[in-house]
Amino acid sequence: MTEEAAGRRIAVLGEMLELGDEAVEAHRSVGRMAGEYGVDMVVAVGGVLAKQLALTAGASGVPDVAIVADNATAIAYLQSVLRPEDTVLVKGSRGGMRWQIAEALTGQDVTAWGGWNE
């Protein structure tokens, strides 16, 4: 049995690129899963597809949803709302460079993890 984190569960989710005709439904599916998994907050980063993800997350029970256009706005928003006990997942296509958000929040170089810069 795993121990529950004391803070909120926050998912920072960027658009998934190069999905073709399945893109809209794939983003809605991720929004539904956020609700199913009991995520407390979704921060959707990007344009139209991020909006689809966020709207579906809200409709699926995620109590706090934000839509931001870019990484810099996501960083500023998160820095204003994060609490020390919160757990944050950052996920998106490599092309969206969401690692910038993780680096800003942790103060650590995350691009070197797993040999991604090699």
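Model, not experiment: these values are computed from the prediction.
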For this session: Answer whether the closest heavy-atom distance between the side chains of Val81 and Met41 falls below 4.5 Å.
Result: yes

Problem set entry | Spacing of Asp86 atom CG and Arg8 atom CZ [to the nearest 0.5 Å] | 4.0 Å

Exercise. Leu13 versus Val43: any side-chain heavy-atom pair under 4.5 Å?
Worked result: no

Problem set entry | Backbone N/O of Gly46 and side chain of Glu15: donor-acceptor pair under 3.5 Å | no

Problem set entry | Cluster link Val65 to Val45, ILVMFWY, side chain under 4.5 Å | no

Problem set entry | Gly7 to Asp40 - nearest heavy-atom pair and separation | O-OD2, 4.4 Å

For this session: Could you go through the side-chain contact (heavy atoms from CB on, under 4.5 Å) check for Leu105 and Gln79 one step at a time?
Result: CA-CA 7 Å; Leu105 296 178; Gln79 289 174 334; 4.2 Å; yes

Exercise. Looking at CD of Glu36 and OG of Ser29, how far apart are the two atoms once the value is rounded to the nearest 0.5 Å?
Worked result: 7.5 Å

Exercise. Do Ile10 and Val39 have side chains that get closer than 4.5 Å, going by heavy atoms?
Worked result: no

Problem set entry | Point-to-point distance, once rounded to the nearest 0.5 Å, from OG1 of Thr87 to CG of Leu82 | 10.0 Å

Exercise. Do Val30 and His27 come close enough that some side-chain heavy atom pair is under 4.5 Å?
Worked result: no

Exercise. Just how far is it from atom CG of Leu53 to atom OG of Ser60, taken to the nearest 0.5 Å?
Worked result: 9.5 Å

Problem set entry | Transitive ILVMFWY side-chain link Ile67 to Tyr77, under 4.5 Å | no

For this session: Evaluate the side-chain proximity of Asn71 to Arg98: yes if any heavy-atom separation is below 4.5 Å, no if none is.
Result: yes

For this session: State, with a plain yes or no, whether a side-chain heavy atom of Ile101 is found less than 4.5 Å away from one of Leu78.
Result: yes

For this session: Look only at the side chain of Thr106 and the backbone of Ala102, and say whether a donor-acceptor pair between them is shorter than 3.5 Å.
Result: yes

Problem set entry | Value rounded to 0.5 Å, distance of CZ in Arg28 from CG in Leu49 | 10.0 Å

Problem set entry | Side-chain donor or acceptor of Arg32 paired with backbone N/O of Ala59 under 3.5 Å | no

Exercise. Is the closest side-chain heavy-atom distance between Glu103 and Gln108 below 4.5 Å?
Worked result: no

